[in-house]
Amino acid sequence: MVESAGSSVTRFKPGDAVYAACGNGFGAYAEFKCLPENGAVALMPANMTFEEAAAVPVGAYTALQFLRKGSIQSGSRVLVYGASGSVGTYAVQLAKHFGAEVTGVCSTSNVELVRTLGADRVIDYTKESFMDDGSAYDIIFDTVGKSPFEACIKRLAPRGFYLRAVHLSPLPIVRGLWTNLTSGKKVIGGTMKENAEDLMCLKELIEAGRLHSVIDRRYPLEQAAEAHRYVEQGHKVGNVVLTIRQG
Ligand SMILES: NC(=O)c1ccc[n+]([C@@H]2O[C@H](COP(=O)([O-])OP(=O)(O)OC[C@H]3O[C@@H](n4cnc5c(N)ncnc54)[C@H](OP(=O)(O)O)[C@@H]3O)[C@@H](O)[C@H]2O)c1
């Protein structure tokens, strides 16, 4: 909620409900944050709670920007590896929005969730491997950094994209560069770029009912350390949010 705005600010006024991404200045949580008017801040989707909206920027941003880098279009065959995490749950929904044919990879307890997010097919990685059935994909989007590199490249269609949201260690970076140079296939990593335009685009999709946040757990700000301990186990479903007492 905008508490106060500078005298030259025209996009926002006190009382506006906004959502924002605050950059990668990790190290603390805060109840108040000063942001530039032209930063990654936009009016919040009208049909979301603060908690649901707070989850959107990083996960949905990342999913949106990677899928765009993969030239997603209607009819693309997309495999989302790690479909039950934050990036993954948004990626499944966004890929469906773009008209893709979506396969999600997750564990048994999340199969139903990933199906309800819109996946056409769900592969339970505890029972089968996506490599077994010989399907080809235009995009393989690994949101959790656990997919096997060579096997993914093999499963790509001739001009397919292997998207990796998790920072590449040196060996996959070299393999990725080699793949990009020697084949029509592309390996893409990197970091999302924060911007208000994507937040406005996501707001439209959310208000149109095309995208929602999956919230696993909520912790009060005072229990941020507990929240981290849970997240760091690597099995959260969708998002974990910190709540702030109002008033
Ligand atoms: N590049 C960027 O700009 C950028 C931006 C944001 C985030 N990230 C990175 O993206 C990663 C994903 O973050 P996140 O918050 O979306 O998710 P996350 O919390 O790291 O992932 C949790 C999910 O991964 C699933 N999972 C664990 N092992 C798996 C496996 N072997 N195969 C398939 N799924 C598996 C878990 O479900 P089960 O336990 O049931 O399998 C759980 O639902 C993080 O490493 C984050 O740092 C990168």
Side-chain angles (χ1 to χ4, degrees), residues 20-27 40 51-52 54-70 78-95 102-117 119 121-132 137 139-149 151-152 155 161-169 172-173 176 187-195 198-199 202 211-219 226-242:
C22 303
N24 286 341
F26 297 125
E51 294 164 16
E52 290 165 337
V56 173
V58 177
Y61 243 68
T62 307
L64 179 65
Q65 292 183 14
F66 270 101
L67 290 172
R68 282 182 184 147
K69 285 182 188 176
V78 177
L79 180 124
V80 179
Y81 197 94
S84 56
S86 175
V87 179
T89 50
Y90 291 120
V92 169
Q93 297 175 79
L94 286 167
V102 180
T103 301
V105 179
C106 63
S107 68
T108 314
S109 57
N110 295 318
V111 166
E112 207 38 52
L113 166 75
V114 174
R115 200 167 277 136
T116 61
L117 293 174
R121 196 160 74 102
V122 184
I123 296 173
D124 177 347
Y125 73 80
T126 66
K127 296 189 177 146
E128 54 177 325
S129 166
F130 77 92
M131 294 165 284
D132 293 344
Y137 298 96
I139 296 174
I140 294 179
F141 184 9
D142 181 354
T143 69
V144 288
K146 294 189 175 170
S147 60
F149 191 98
C152 287
R155 281 285 157 262
F161 291 83
Y162 180 27
L163 311 173
R164 294 179 55 113
V166 176
H167 296 297
L168 298 170
S169 57
I173 290 178
V187 181
I188 296 179
T191 309
M192 52 144 196
K193 306 275 182 303
E194 299 173 351
N195 63 80
D198 283 348
L199 286 180
L202 291 167
L211 192 68
H212 70 272
S213 296
V214 174
I215 309 280
D216 180 339
R217 291 188 185 180
R218 297 161 170 81
Y219 291 84
E226 275 304 307
H228 270 274
R229 273 185 212 108
Y230 178 62
V231 168
E232 284 162 22
Q233 290 168 17
H235 300 291
K236 73 175 163 57
V237 182
N239 304 276
V240 168
V241 294
L242 297 177

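All ligand and atom numbering here is 1-based and tracks the order in the structure. All residue numbers refer to positions in the sequence shown, counting from 1.
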Query raised in the report: Is atom 42 (C) of ligand 1 less than 4.0 angstrom from at least one protein heavy atom?
Result: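 Under the 4.0 Å cut-off, atom 42 (C) of ligand 1 does have protein heavy-atom neighbours.
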Requested in this report: Determine, counting only non-hydrogen atoms of the protein, whether one lies under 4.0 angstrom from atom 3 (O) of ligand 1.
Outcome: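 It does; a protein heavy atom is within 4.0 Å.
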With heavy-atom distances below 4.0 Å as the criterion, list the atoms of ligand 1 near [X].
X	result
Thr143	10 (O), 11 (C), 12 (C)
Asn110	37 (O), 40 (O)
Val144	21 (O), 24 (O)
Gly190	1 (N), 2 (C), 3 (O)
Lys236	14 (P), 15 (O), 17 (O), 18 (P), 19 (O), 22 (C), 23 (C), 42 (C), 43 (O)
His235	38 (P), 39 (O), 42 (C)
Val166	10 (O), 11 (C), 45 (O)
Val58	6 (C)

Requested in this report: Could you check Leu79, Val78, Val102 and say which one makes a side chain to side chain contact (heavy atoms under 4.5 Å, CB included) with Ile139?
Outcome: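 When Leu79, Val78, Val102 are each tested with Ile139, the side chain to side chain contact (heavy atoms under 4.5 Å, CB included) holds only for Val78.
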Query raised in the report: Do you know which of Thr62, Asn239, Asp142 makes side chain to side chain contact (heavy atoms under 4.5 Å, CB included) with Val87?
Result: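 By the side chain to side chain contact (heavy atoms under 4.5 Å, CB included) criterion, Val87 pairs with just one of Thr62, Asn239, Asp142: Thr62.
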For [atom], find the nearest protein heavy atom and state the residue, atom name and distance (0.1 Å precision).
atom	result
atom 5 (C) of ligand 1	Thr62 OG1, 3.1 Å
atom 37 (O) of ligand 1	Ser84 OG, 3.2 Å
atom 29 (C) of ligand 1	Tyr125 OH, 3.6 Å
atom 40 (O) of ligand 1	Ser107 OG, 2.4 Å

Would the distance check show the side chain of [X] and the main-chain N or O of [Y] forming a donor-acceptor pair, the cut-off being under 3.5 Å?
X	Y	answer
Ser213	Ile215	no
Arg217	Ala227	no
Thr89	Gly238	no
Lys127	Tyr125	no

Counting only heavy atoms, which portion of [X] has something under 4.0 Å from ligand 1: side chain, backbone, both, or neither?
X	result
Asn239	neither
Thr191	both
Met192	both
Tyr61	neither

Query - Residues His212, Val214; criterion side chain to side chain contact (heavy atoms under 4.5 Å, CB included); working and verdict - result: CA-CA 7 Å; His212 70 272; Val214 174; 4.2 Å; yes
Query raised in the report: Does ligand 1 have any atom sitting under 4.0 Å from a heavy atom of Ala165?
Result: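 Yes, Ala165 has heavy atoms under 4.0 Å from ligand 1.
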Query raised in the report: At the 4.0 Å heavy-atom cut-off, does Gly234 count as touching ligand 1?
Result: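 Judged by the 4.0 Å heavy-atom criterion, Gly234 does count as contacting ligand 1.
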Requested in this report: Could you tell me whether Phe149 and Tyr162 have their ring centroids closer than 6.0 angstrom?
Outcome: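 Between Tyr162 and Phe149, which both carry aromatic rings, the centre distance is below 6.0 Å.
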Query - ligand 1 to Lys146 polar contact by distance, N or O atoms, under 3.5 Å - result: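 In this structure, Lys146 places an N or O atom under 3.5 Å from an N or O of ligand 1.
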Query raised in the report: What do you reckon, does Val87 have a nitrogen or oxygen under 3.5 Å from a nitrogen or oxygen of ligand 1?
Result: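 There is such a contact, yes.
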Query raised in the report: To the nearest 0.5 Å, what is the distance between CG (Leu113) and CG (Asp216)?
Result: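 One finds 10.0 Å between CG of Leu113 and CG of Asp216.
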Query raised in the report: Rounded to the nearest 0.5 Å, how far apart are CZ of Phe130 and CD1 of Ile140?
Result: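 Phe130 CZ to Ile140 CD1: 5.0 Å, rounded to 0.5 Å.
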Query raised in the report: In terms of ring plane angle, is the pair Tyr230 and Tyr219 parallel, tilted or perpendicular, where the classes change at 30° and 60°?
Result: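 It falls in the tilted class, 30° to 60°.
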